[in-house]
Amino acid sequence: MSLEFAQIVAALISFGLGVGQTFYYLRVRKIFNSLPIVFAEIIGSRLLHQLDLDNKDLTQAIINFKYSYQRNEHESSSPVLRGFELFPSFDYERALVKKYRPGDRATARVVQGRSVEAYLEVAPLSRASYSVVLLLVVFPMVLVVLGYLGYTESFVAWLKYHVEFWLAL
C-alpha cells in the first residue's frame, strides 16, 4: 500500500468521524424540537459525581421533575436528551443543576413510546468535541492536499520531527 493511499484512507475515516458526529447531533436536536411540549415542575436537583464501572470519573446532573401528559401525571429524572459525544462537558452538568432548581417551572419535551419520558433540553456538543470535529475535518484535508501536491515525504518527516520533539519534553 502506498503512502498516498494510506493518507487518503486515514483522511476519509477521520473526516467521516468528524462529520458523522455533527450530523448525529443535528438529527437528535431536530427530533427533540419536533416533540410535544409540556410544562414541568422541578422537584429535585443534584450533581452526581462518582466513578463508573470502568473506574472513569462520572459527573452527571440528576434533575427530577414532574409533568402532566394526556391527563396523566408523570415523573422523570432524565433532564437531558444526550447524543453521542466524544468528550462530555462536565461544566454543562454543573450548569444544569444551577439552572433547574427545586420549585422552578420549565418546559419539557415528551417522547412517546412504550413508556412516556420527558426531557428538559438537548445536551450541546462540548467544546472539546467541537475541537475534535474541526481537527477530524480539517487535518485530513491538509493531508490529501499535501499528498496531491507531492509533499508527502517532506510532510511526514516534518510531522515525525515535531512529534518526537513534543514527546521528548
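A donor-acceptor contact shorter than 3.5 Å links the side chain of E93 to the backbone of A61.
Linking ILVMFWY residues whenever their side-chain heavy atoms come closer than 4.5 Å, directly or via other members, places Y119 and V28 in the same cluster. Linking ILVMFWY residues whenever their side-chain heavy atoms come closer than 4.5 Å, directly or via other members, places I63 and Y69 in the same cluster. Both Y24 and F32 belong to a single network of hydrophobic side chains, linked directly or stepwise wherever heavy atoms of I, L, V, M, F, W or Y lie under 4.5 Å apart.
How far CG of L26 is from CD1 of I31: 11.5 Å, rounded to the nearest 0.5 Å. To the nearest 0.5 Å, the span separating CZ on R105 from CD on E41 amounts to 4.5 Å. For the atom pair NE2 of H49 and CD of Q60, the computed distance is 12.5 Å after rounding to the nearest 0.5 Å. One distance of note links NE2 of H74 with NZ of K66; it measures 13.5 Å at 0.5 Å rounding. Here the OG-CG distance, from S76 to N64, works out to 8.0 Å after rounding to the nearest 0.5 Å. For the atom pair CG of L96 and CG of D91, the computed distance is 11.0 Å after rounding to the nearest 0.5 Å.
V97 approaches R46 most closely through the heavy-atom pair CG2-O, 3.5 Å. In plain terms, the two heavy atoms of P102 and G44 that are nearest each other are CG-CA, 4.1 Å. Across F65 and P79, no two heavy atoms sit closer than the pair CE2-CA, 4.1 Å.
Within 6.0 Å of CZ in R101 there are more than 12 heavy atoms belonging to other residues, nucleotides or ligands.
Between R109 and S34 there is no side-chain heavy-atom pair separated by less than 4.5 Å.
The one candidate from V110, T107, N72, L120 that meets the side chain to side chain contact (heavy atoms under 4.5 Å, CB included) condition with Y67 is V110.
With 3.5 Å as the limit, one finds a donor-acceptor pair spanning the side chains of Y100 and E121.
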* **side-chain contact (heavy atoms from CB on, under 4.5 Å) evaluation trace for V80 with Y92** => CA-CA 11 Å; V80 179; Y92 174 69; 3.7 Å; yes
